[in-house]
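Everything on this sheet refers to the single structure shown next.
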Amino acid sequence: MSRRALLILALVAALARLSFELALRHDLRAGGAPGALTGALLGDERAYDAFARQVAAGTLQRERAFYQEPLYAWVLGQLYRLAPPPLAPADASPIALAPVHEAVIAVQHALGVVMTLLVATLAARCFSRAAGWIAGLLAALSGPVIFTESMLLKESAALALWVLALHLWLDVLQDKGARRAALLGLVLGLLLLLRGNAWLLLGLVLLTLLVRLGGRRRLREAGRVLLLVLLAIAPVTISNLRHGDAVLTTYQAGSNAAIGMPDDPTVWRGVVYEPLEAGHGDALYEEDDAVAVAEAAEGRRLSGREISAWWWRHTLAVVEKRPAVAAERVARKLALTFHPDEVPDVEDWRFDRQAVPWLATPLSDLTVLGPLGLCGLLLLSWRRPGLIVVRGSVLVVAASLALFYVFGRYRLSAAPGLWILAAGALVEGWRLLTTPGRRAAGLAGAALAAALLAAGQVPLRPDVGGLQVSWGNLASLELELTARSTDATTAQAHRDRAVAAAREALRLAPGYPEARSLLINALDYESSLVAPHRDEATDQAWRLLLVMEGERTGRPAFELLERPLPVVREAALSLLGRPSLPERELYVAAAEGLACRRIAAELKEPETLDLALALVERAVQLQPAESKNWLMLGVVEERRHRDAQAIEALEHALRLDPHDEHALERLERLRASSAARPEHGAGG
């Protein structure tokens with residue numbers, strides 16, 4: 001492509017990204033939902049931030065090999081040394097963006113512009129300048145890509161290196177010099193330190209070099225690539241070996257495979273991310289949970305390699321147990337490589353696109369791109385070196401999604417190949433339609449594209465939304481801002497927005513327990529600036545209990561959630577005595593514990609105290625390490641005039657959380673009253 005064409009594409013890409021940032025900032029100033037979420041670090045962003053802070057402070061300590069690819073967080077840590085961000089909150093609160101984060105996002109957008117030019121030139125190499133223009137414009141105006149670049153995530157850097165690797169791979173196949181093979185190995189090595197699925201890309205690269213190149217050259221070029229890969233990842237490999245772990249980069253593959261193949265007959269579970277331990281959806285918990293479960297099963301300390309192997313064995317056992325479910329689940333994840341369904345993440349493109357409607361077109365996501373790209377994958381030549389590279393990159397991403405699980409940002413590695421294949425399908429299709437004697441082939445291709453486009457309108461996960469996750473996270477963020485507010489007007493406004501966001505999440509997905517838990521916490525929030533809504537919180541707690549008991553027993557009762565409270569209460573109590581389905585106790589633990597605790601708090605009449613005790617004991621059983629459950633147990637026991645048991649429960653609550661002022665105040669008062677009334681001290 002000409003320099004002028006590339007300059008125009010770069011300008012379009014830069015303007016699209018600038019307009020996105022300006023729109024989100026305007027939305028944030030106006031109190032809009034997308035801007036509020038984008039203005040804070042959430043989910044994986046907080047995990048990278050925490051890692052980078054340890055790197056910057058020189059306090060990074062690991063007992064095993066790296067669990068996640070460390071390059072992005074390590075570079076971020078070096079930037080933190082130059083421009084330290086404000087101290088992170090001591091709790092799990094969202095972290096506000098700092099100037100250093102803004103600078104990182106600007107660099108990521110610049111990488112997006114570079115990636116656009118690489119895509120355009122690769123499409124021109126594979127097809128023609130017209131295909132280069134089409135693919136370049138698709139890359140320049142891709143809303144999901146620009147959206148991901150605006151977060152503290154490694155996807156933008158990984159995507160630019162991914163497309164650069166495709167160029168170099170094609171160079172080596174076209175015999176453009178030994179230096180290209182060495183550079184390809186270096187780029188693939190860096191890519192391995194950003195994205196684990198690059199191992200599959202490396203395997204395919206080596207295979208094509210061995211098959212497509214002739215004589216000794218195939219071994220020489222493949223050897224150069226592999227040697228430079230090993231040299232690029234050597235610092236991480238050496239660090240792992242120092243910790244006694246024979247792991248080349250990371251050991252997360254086994255646990256990620258288990259997340260993608262849970263022991264559950266619900267097919268769509270495994271498509272989306274669900275934590276290994278219920279209630280631990282934050283990325284900060286994932287490694288600790290993977291280690292704890294594997295070591296508890298083996299009864300000894302395990303190395304990272306052993307932990308990954310244990311989870312792989314667990315995954316294979318699940319596949320053997322339910323082969324039909326596993327096959328359908330894998331097929332569904334493969335289809336999501338090309339399907340427009342948005343898989344929920346901490347932030348959702350469909351949520352943020354409200355602020356940038358000019359980027360929210362059918363050409364921006366997989367609505368049109370997916371079917372056209374699939375047509376190109378199936379129908380275009382299978383012999384051209386350029387299409388081997390492009391097609392291979394898409395198949396690698398599809399395989400990694402099938403092995404693990406799907407996020408919208410995890411599909412981005414397939415986007416460059418899909419842009420190029422879609423552009424090629426359009427150019428080749430038009431050529432066939434305008435060539436006498438080839439129109440039948442062109443019409444057949446167009447018919448296939450139309451059929452695939454129609455198939456893409458059928459949801460792959462029926463009755464499972466996506467936007468409710470973003471609304472739930474917005475509710476959580478607004479609740480944190482409520483706690484940080486210093487005046488009543490601001491605090492009340494944030495609390496009201498938290499309630500409204502949680503209600504919107506429940507409107508989209510009435511059975512979403514996290515959102516109902518957030519709604520209860522928001523309604524129940526009390527401070528010197530904000531008054532609680534106890535009755536509404538208790539009402540929602542009964543509805544949450546019904547949801548979780550339905551999940552636990554395999555008897556969902558979603559149709560009752562909007563019924564009057566007496567109906568909901570009766571249905572929830574009827575499920576309490578039923579046996580659990582296998583392995584459902586962990587799933588319901590956090591949410592049901594909250595529901596039981598909240599309901600017990602309002603059961604104060606003598607005739608309701610037995611039910612209150614049963615509920616709070618259930619909460620303790622589900623979450624024995626939650627100090628609030630023991631505090632509530634103490635409250636209920638005090639209401640039952642069993643002072644000794646109440647004191648014991650409150651002491652346990654303080655052992656779990658020594659800073660719980662409510663538990664300490666109640667314990668001191670109860671001890672004083674018990675000393676004054678010794679006849680009650682032994683309990684009743």
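The figures that follow rest on heavy atoms only: side chains count, while hydrogens, waters and symmetry mates do not. On a predicted model such as this, the values are computed, not experimentally measured, just so you know.
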List in chain and number order the residues that pass side-chain hydrogen bond (donor to acceptor under 3.5 Å, both in side chains) with Arg62, two or more places apart in sequence or in another chain; answer none if no residue qualifies. Glu287
Listed by chain and number, what are the side-chain hydrogen bond (donor to acceptor under 3.5 Å, both in side chains) partners of Arg17, not counting sequence neighbours? Glu149
Tell me, do Arg64 and Val291 make a side-chain contact under 4.5 Å, heavy atoms counted? yes
With salt bridge (Lys or Arg N to Asp or Glu O under 4.0 Å) as the rule and sequence neighbours excluded, what pairs involving residues 134-147 come up? none
Pairing donors with acceptors under 3.5 angstrom, does anything connect the side chains of His167 and Arg125? yes
For Arg305, side-chain hydrogen bond (donor to acceptor under 3.5 Å, both in side chains) partners two or more places apart: none
If you measure only the distance, is there a donor-acceptor pair under 3.5 Å linking the side chains of Glu286 and Gln252? no
Ignoring hydrogens and angles, write down the donor-acceptor pairs under 3.5 Å from the side chains of residues 384-401, residues two or more places apart or on other chains.
unit_1, atom_1, unit_2, atom_2, d
Arg384, NH1, Cys126, O, 3.1
Arg391, NE, Leu377, O, 2.8
Arg391, NH1, Ser381, O, 3.0
Arg391, NH2, Gly376, O, 3.4
Arg391, NH2, Leu377, O, 3.0
Arg391, NH2, Leu380, O, 3.0
Arg391, NH2, Ser381, O, 3.4
Ser393, OG, Val390, O, 2.7
Ser400, OG, Val397, O, 2.7

Taking the six-membered ring for Trp, are His314 and Trp310 parallel (under 30°), tilted (30 to 60°) or perpendicular (over 60°)? parallel
Set out, in order, the CA-CA distance, both residues' side-chain angles and the distance that settles salt bridge (charged side-chain N to carboxylate O under 4.0 Å, His left out) for Asp348 and Arg353, then state yes or no. CA-CA 9 Å; Asp348 193 307; Arg353 72 184 183 184; over 6 Å; no
Checking Gln68 against Tyr251: is there a side-chain donor and acceptor pair closer than 3.5 Å? no
With sequence neighbours excluded, tell me which residues meet side-chain hydrogen bond (donor to acceptor under 3.5 Å, both in side chains) with Thr208. Trp169
Only pairs under 3.5 Å count here: list side-chain donor-acceptor contacts from residues 227-239, not counting sequence neighbours, and write none if there are none.
unit_1, atom_1, unit_2, atom_2, d
Thr237, OG1, Ile233, O, 3.2
Thr237, OG1, Leu248, O, 2.7

For Ala198, all residues meeting side chain to side chain contact (heavy atoms under 4.5 Å, CB included), sequence neighbours excluded: Leu191, Leu192
Side chain to side chain donor-acceptor pair (under 3.5 Å) pairs, two or more places apart, involving residues 177-195: Glu155-Arg195, Asp171-Arg180
Indicate the ring-plane relationship of Trp349 and Phe147, choosing parallel, tilted or perpendicular according to the 30° and 60° boundaries. tilted
May I have the list of side-chain donor-acceptor pairs in residues 414-421 shorter than 3.5 Å, sequence neighbours left out?
none

Report yes if some heavy atom in the side chain of Trp74 is under 4.5 Å from a heavy atom in the side chain of Tyr48; otherwise report no. no
How are the rings of Phe351 and Trp471 set to each other: parallel, tilted or perpendicular (split at 30° and 60°)? perpendicular
Do the side chains of Thr249 and Trp199 get nearer than 4.5 Å, heavy atoms only? yes
Can you name the salt bridge (Lys or Arg N to Asp or Glu O under 4.0 Å) partners of Asp352, sequence neighbours left out? none
How would you list, by chain and number, every residue that makes a salt bridge (Lys or Arg N to Asp or Glu O under 4.0 Å) with Arg25, sequence neighbours excluded? Glu21, Glu102
Between Arg300 and Glu306, is the closest basic N to carboxylate O distance under 4.0 Å? yes
Tyr80-Asp49 side chain donor-acceptor pair, cut-off 3.5 Å: yes
